[in-house]
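Because only heavy atoms are used, hydrogens play no part in the values below, and waters and symmetry mates are left out as well, while side chains stay in. All figures in this text were calculated on a predicted structure; none of them were measured in a lab. Note that ligands are numbered from 1 as they come in the structure, with each ligand's atoms numbered from 1 the same way.
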Amino acid sequence: MSSAPRVLIAPSLLSADFANFAGAARAAREAGAELLHFDVMDGVFVPNITFGAQTVRALRHHSDALFDVHLMIVQPERYIEEFAQAGADIITVHAEACVHLQRVLAQIRECGVRAGVSLNPATPLSAIEYVVPDIDLLLIMTVNPGFGGQRFIPEMLRKIAHARAMLDEAGSEAWLEVDGGINGITTPMVVRAGARVLVAGSSVFGHPEGVRAGVEELRRAVWEAEERV
Ligand code: DX5
Ligand code: ZN
């Protein structure tokens with residue numbers, strides 16, 4: 001069967017060689033990843049600083065993957081337009097960083113970009129209950145944001161399952177994405193819980209046999225999960 005896979009893979013540049021993002025983007029796409037995940041950090045919302053819209057713009061010429069921009073910044077409304085113009089396909093903001101979340105989500109869509117919202121591990125799903133019609137993607141953080149290579153928080157499996165139920169009940173087509181500690185072991189669990197997009201940094205760019213092996217390992221783990229559903 002050659003139909004598009006149900007579960008999509010989004011390698012995170014946070015674990016790539018910062019001196020060679022173009023090469024990393026190309027390798028991820030050649031390995032079959034559908035999305036490329038950009039972790040934008042401001043040193044305020046999270047205790048780390050990475051890069052901004054210029055990096056997204058520069059890579060747009062090097063990849064036709066869906067650019068999945070994860071904003072871990074305070075007052076993200078200040079930068080939505082800039083990231084949209086830089087070539088983002090999806091812009092995700094943190095519910096914890098937005099006083100007027102619904103307005104920010106509408107602003108993202110007005111820019112012609114898919115609107116995502118993310119929740120830190122401790123934030124309840126009720127924070128987004130009334131904005132479900134405004135989202136195209138729900139990102140459940142499975143670690144506390146800020147760094148790559150952290151351990152998956154097992155309690156998040158229950159949250160993913162609840163999020164799946166919430167979206168299904170609302171008739172929402174929004175993609176359910178997970179981010180943090182996703183590897184060959186955790187993938188079958190999150191897919192069974194209902195995840196649809198897998199963000200993976202260290203298990204892809206830090207794979208000892210290279211990016212292709214990293215993506216293939218995740219893809220195999222997805223198949224394993226789907227066969228057992
Ligand atoms: C964490 C970032 C993640 C990070 C995941 O704050 O949002 O996207 O790159 O890294 P791994 O897959 O190594 O846990
Ligand atoms: Zn991320």
### Task
Start with the C-alpha gap between Asp39 and Ser12, add the side-chain angles, then the distance that decides, and say whether side-chain hydrogen bond (donor to acceptor under 3.5 Å, both in side chains) holds.
CA-CA 7 Å; Asp39 286 305; Ser12 163; 2.6 Å; yes
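- The closest approach of Asp39 to the Zn ion (ligand 2), by N/O/S atoms, is made by OD1.
- Residue Asp179 approaches the Zn ion (ligand 2) most closely through its N/O/S atom OD2.
- Of the polar atoms of Gly149, at least one N or O is found under 3.5 Å from an N or O of ligand 1, judged by distance alone.
- The distance from ligand 1 to the heavy atoms of Ser202 drops below 4.0 Å at these ligand atoms: 11 (P), 12 (O), 13 (O).
- By the 3.5 Å distance cut-off applied to N or O atoms, Gly181 is counted among the residues near ligand 1.
- A distance of 10.5 Å separates CE of Met156 from CE of Met141, quoted to the nearest 0.5 Å.
- The closest protein non-hydrogen atom to atom 1 (C) of ligand 1 is Phe147 O, 3.5 Å.
- The atoms of ligand 1 that sit less than 4.0 Å from any heavy atom of Pro145 are 6 (O).
- Close approach of ligand 1 to Met72 is summarised as follows: ligand atoms under 4.0 Å from at least one heavy atom of the residue are 6 (O), 7 (O).
- Taking the charged nitrogens against the carboxylate oxygens, Glu227 and Arg220 have no contact shorter than 4.0 Å, which rules out a salt bridge.
- Distances below 4.0 Å separate heavy atoms of Met141 from the following atoms of ligand 1: 7 (O).
- Listed for the Gln107 side chain is a donor-acceptor partner under 3.5 Å among the backbone atoms of Glu77.
- Other residues, nucleotides and ligands contribute at most 12 non-hydrogen atoms within 6.0 Å of the CZ atom of Arg103.
- Under a cut-off of 6.0 angstrom, the local environment of CZ in Arg78 is crowded, with over 12 non-hydrogen atoms contributed by other residues, nucleotides or ligands.
- Under a 3.5 Å cut-off, the side chain of Arg60 and the backbone N or O of Ser63 do form a donor-acceptor pair.
- Distances between N or O atoms of Gly146 and those of ligand 1 include at least one value under 3.5 Å.
- Proximity to Asp179 (heavy-atom distance under 4.0 Å) selects the following atoms of ligand 1: 2 (C), 3 (C), 4 (C), 5 (C), 7 (O), 8 (O).
- More than 12 heavy atoms of other residues, nucleotides or ligands lie within 6.0 Å of CZ in Phe205, so this atom counts as buried by the packing criterion.
- Every N/O-N/O distance between Gly180 and ligand 1 stays at or above 3.5 Å.
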### Task
Would you sort out whether Glu177 and His37 count as a side chain to side chain contact (heavy atoms under 4.5 Å, CB included), showing the intermediate values?
CA-CA 11 Å; Glu177 181 176 60; His37 187 81; 4.3 Å; yes
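- Within the 4.0 Å heavy-atom cutoff, Ser203 does not count among the residues contacting ligand 1.
- Looking from atom 2 (C) of ligand 1 to the surrounding protein, the closest heavy atom is Asp39 OD1, 3.4 Å.
- Checking only distances, Asn144 never comes within under 3.5 Å of ligand 1, N or O to N or O.
- Within ligand 1, counting atoms from 1 as listed, the ones closer than 4.0 Å to a heavy atom of His37 are 8 (O).
- Interface atoms of ligand 1 facing His70, defined by a heavy-atom separation under 4.0 Å, are 7 (O).
- For atom 9 (O) of ligand 1, the closest non-hydrogen atom on the protein side is Ser12 OG, 2.8 Å.
- Test Thr186, Thr187, Val204, Leu8 against Leu198 for side-chain contact (heavy atoms from CB on, under 4.5 Å) and you get one pass: Thr187.
- Of the protein's non-hydrogen atoms, the one nearest atom 10 (O) of ligand 1 is Gly148 CA, 3.5 Å.
- The Zn ion (ligand 2) forms the vertex of an angle spanning NE2 of His37 and ND1 of His70; to the nearest 10 degrees it equals 100°.
- Those atoms of ligand 1 with a heavy atom of Ala200 less than 4.0 angstrom away are 12 (O).
- Listed for the Lys159 side chain is no donor-acceptor partner under 3.5 Å among the backbone atoms of Thr142.
- Using cut-offs of 30° and 60° on the angle between ring planes, the pair Phe18 and Phe51 is tilted.
- Given atom 12 (O) of ligand 1, the protein heavy atom at minimum distance is Gly201 N, 2.8 Å.
- Here the CG-CG distance, from Leu119 to Leu138, works out to 5.5 Å after rounding to the nearest 0.5 Å.
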